[in-house]
Protein chains: 4
Amino acid sequence: MPSIDLAAIVSDIVLEMRDAPDRGRPADYISALAKVDPGKFGIAIVMADGRVYAGGDADERFSLQSVSKVFALTLALGKAGDQLWNRVGREPSGSAFNSIVQLESEKGIPRNPFINAGAIVVADVNLARAQPREALAEFLAFVRYLSEDPTISIDEEVARSEAESGFRNVALANYMRAFGNLHHPPDDTLSVYFGQCAIAMSCRQLAMAGRYLMLAGKHPASGHRVVSAARARRINALMLTCGHYDASGDFAFRVGLPGKSGVGGGILTVVPGFASIAVWSPGLNANGNSQLGTLALERLVSQTGWSVFDSPQAR
Amino acid sequence: MPSIDLAAIVSDIVLEMRDAPDRGRPADYISALAKVDPGKFGIAIVMADGRVYAGGDADERFSLQSVSKVFALTLALGKAGDQLWNRVGREPSGSAFNSIVQLESEKGIPRNPFINAGAIVVADVNLARAQPREALAEFLAFVRYLSEDPTISIDEEVARSEAESGFRNVALANYMRAFGNLHHPPDDTLSVYFGQCAIAMSCRQLAMAGRYLMLAGKHPASGHRVVSAARARRINALMLTCGHYDASGDFAFRVGLPGKSGVGGGILTVVPGFASIAVWSPGLNANGNSQLGTLALERLVSQTGWSVFDSPQAR
Amino acid sequence: MPSIDLAAIVSDIVLEMRDAPDRGRPADYISALAKVDPGKFGIAIVMADGRVYAGGDADERFSLQSVSKVFALTLALGKAGDQLWNRVGREPSGSAFNSIVQLESEKGIPRNPFINAGAIVVADVNLARAQPREALAEFLAFVRYLSEDPTISIDEEVARSEAESGFRNVALANYMRAFGNLHHPPDDTLSVYFGQCAIAMSCRQLAMAGRYLMLAGKHPASGHRVVSAARARRINALMLTCGHYDASGDFAFRVGLPGKSGVGGGILTVVPGFASIAVWSPGLNANGNSQLGTLALERLVSQTGWSVFDSPQAR
Amino acid sequence: MPSIDLAAIVSDIVLEMRDAPDRGRPADYISALAKVDPGKFGIAIVMADGRVYAGGDADERFSLQSVSKVFALTLALGKAGDQLWNRVGREPSGSAFNSIVQLESEKGIPRNPFINAGAIVVADVNLARAQPREALAEFLAFVRYLSEDPTISIDEEVARSEAESGFRNVALANYMRAFGNLHHPPDDTLSVYFGQCAIAMSCRQLAMAGRYLMLAGKHPASGHRVVSAARARRINALMLTCGHYDASGDFAFRVGLPGKSGVGGGILTVVPGFASIAVWSPGLNANGNSQLGTLALERLVSQTGWSVFDSPQAR
């Protein structure tokens, strides 16, 4: 357990981020995202023992977008088990997050479950012959269970907005269908995908939802296993190698924690055994990851020694 | 500190690997590598407190090949500092280890220092206007210092053999020279590169040499810093995201430790704060990483809980 | 005018093709195409002076598929003029006919109007804010006018079959829409595209329809210009450089005439000033072009000297 | 035979080109090329009956560069016959002229003999176990024979300059060597390649040298065959589909003649049965082809009807 004063560290970070001049640019390809106030910044840390440190706009909900892919993957692994890896790879993509090139050379098998194509396959698994609405209800129930918060919901406006402008994702889905790597009608699978991305959560809710990943797969309230320890460890590994699009290497270099970002400006990170952390600020850097969110995590890790690449004894 | 019986675990692993039926295939593109006995397997673990556990062919020397890139990078960072990152990226490559495609689309800047192109740039930095022979002498002195073993040497036959058949590397070097990202004549830079790859070490020597990466950059004998704690952490991050060619994601998924493999069949891995580990077995899997070396590490981690993606408290 | 005995040449070709052992394989991705008898072979030559030489199954209708792209392009150039070239390139593609890779690197601008992506843009131009059904009626009227045959029609079963299995084309259309290079809803544009491809014609009808391309743009019956002489010449140029997918160079090398092939097994070729030629045999070679159709044209050209790369004086 | 007044047409073209404001930019990657006066323009037309029309700087020698690849290919086909096509393809490349990407995906087989990689294989064939100096002497003798001019020579300064800066070509050669598609030491093959490119000729000499391509392979002076009619036709086909790098489609579209350009600003084109034409102006367009040379040919063809895509009867 850290002897460091986390409350003070969080407070300092919030102050620094409030006045940070270079805040990046909010995503503008979905109108619902473009109108979010770029001045926002929130952070929430849930410790292994249940203590919570939060600051800034930690209770304001934002669109989870790709961060939701962590929960969708967890759910899909429960349904398909390791068979899932026949349909999705586990390697960093080495190119832009919506790239279709790699799909062509690798015959419709996406490189990993966190690029869009991979997450569409995951949504296809989660659809599982049900109706899209049912699959989304199940996903929502799962996230509410993880965060112990029944008020979490899907932002229908965002979901609709994505469905209307998501031509690249329609292309990806149909392309994989052509290779036989989609088992439902592309429109149905995409309904699930767009719905999952449109879930809205606050930093506090997100950090709560991520606890099973720091606790070797256990749900802290019930003590039940969400996933096995081995699976939790592997999801963490995937977050570290593939969680930040084509800047995953840079995030590992600067922050050194498993993490997943979304174009809504949120990032979920995990310190195995110690903490589940969520940060949010809508402005994105050139790689599509939250500019201040990444900076805040860099500050946090440098003061806590929480990087998985540092000695845990030094914490 | 682990209460586990490491000696017994190592002994079990050696037994399992001795009889493993599927041993992969040794690299055959260099004749000197192709004639190594595929029945070999060695492992050495150096703990933070200096204890050593070794088994199998832990004292037989093998060709380090790409594992040497870790030490070459460390040396180059000492010379060029973070300026190095203007000439080499820090992202997983997403394609075969000798791919030239990415170099074209990214204007001669290799994706990371562990793919061949990146390591050639690193060799170019280490050459630093000296003669290739001088640069190699400096590199050798550095590795001897890290491992506290003055008997380590470069296998001249292997170096010659690589120089004679390394047409792809000659292509890579000249290609980067065309983009201005090589500062010396390609032949000189390649002399350094081939020489670095041809260094021969045993598992025990290699695990000794890797200690600074588990000790936040410190040399255990002298207490001097080889690199700063931040730099050690970052080298570990790079090893995790980029250390196993296009199977880095898979290694993170299965083993969950920073590691660097070579086509000689060696792998160096680090458990920050706990252990520096070297394994060796010449047979390679489809991705060019040691088949039994990877399996041995998977066994070791599953019994010790040493993955950086598991709670360190559980160790 | 040739003094050669064309009737005899055609008759010899028909005999040779009837017994040819290596007939390629009919396309099987559309069920309607897969069930065509691979024993079929037809040829029709319409000379500049109106004489017709036909043989084999010259009057059996087959699915035009990509051969229709020549007429669709001609129609689109009439609507959009040279503005069309802002949305489609004029270069050979250098990769498989349904490749999506190039679209990504060239920002949604297809390389030429004869690859699928380019032909979808052409269909988008031909849709021109009308209903798909109206656009198809206009296209059909145009082809009937060119061939002076009001019985030509669209095979609705084939059109439906393509719409049901054409996931790659749906992907291409949505992908270009994401880049803004489609101006109608992808489903509407694809209706036109699939309908155009599903037009059914015999060799005789097809050779008649191609006459304007040998006659510097003139319709032989009316004497009216279908297109200007410059445009006819340019369409011929595009057929030669891009008309046979990634085997266009090979077709130029072996046959040496502007030509456009389709996966239905048809090929339309033009000898400027001399002849419009259609051949058909359902079996395809490895590049997706009619195996016997190509061979028949090779025979024809070697006996007539009609290659555009030979001296016309020698004909 | 044309009744048009070619002398007047040539004279008009020379006048227009003399004052053309947009002249492109001379290649600057070789210092010897960069210092050529961009105001230069020359044209020479040799008719089938031997008449010559020339204008502008038709007698000033320039560096042939890639135009030489036509003669090198002709020579190599004489040595290797159609076996050559096992080592080089015949398809347009669809990417920049020095692209290495395609080589990787196609295992070291260049797409065609006119891209650099393909021409290096051609040089490797022409080397044929001789010394580079002997191979170059043979090549020079061949070009002198074609043009009936013993004064043609290789510009040693240009050859040296290319050898010193040609890192990309060194990369290409070594890359193909790695795939086994080079049979001599890369340095030797490159000596031949750089020497061939460095040959210097005037428009008049070049148009003379190209006569065999308009005359179905015959040398007009001796009546001997340089190549068979079929081979001449095929070389013409390759020039049309692949002769202008990634603008071959555009050249076919605008000019409609088999042609080969070089970064020295020269273009050789052939009107089968009618004319062999050379133009030269050092400024290049964005695709690396002579800006005014291409424009001059466009003018010439529009006034003569010489495009192979037009009716020959109309000439």
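With rounding to the nearest 0.5 angstrom, the CZ atom of F253(D) is 10.5 Å from the CD atom of E91(C).
Proximity to chain D (any heavy atom under 4.5 Å) is restricted, for M214(C), to the backbone atoms N, CA, C and O.
Residues A252(C) and T241(D) come closest through the heavy atom pair CB-CG2, 3.7 Å. Contact record, L240(C) with L240(D): CD2-CD2, 3.3 Å, taken as the closest heavy-atom pair. Among all heavy-atom pairs drawn from G273(C) and S311(D), the shortest one is CA-OG, 3.2 Å.
When G256(D), S248(D), P258(D), S302(D) are compared by the number of non-hydrogen pairs under 4.5 Å with chain C, S248(D) comes out ahead. Of the listed residues A232(D), G89(D), A247(D), the one with more heavy-atom pairs under 4.5 angstrom with chain C than any other is A247(D).
Salt bridge status for D310(C) with R234(D): absent, with no side-chain N to carboxylate O gap under 4.0 Å.
Using a 4.5 Å cut-off on side-chain heavy atoms (C-beta onward), D246(C) and R111(D) make contact. Counting only heavy atoms from C-beta outward, the side chains of P312(D) and F274(C) approach each other to under 4.5 Å.
Stacking of R233(D) on the aromatic ring of F309(C) is not recorded, the 6.0 Å distance cut-off and the 45° axial limit not both being met.
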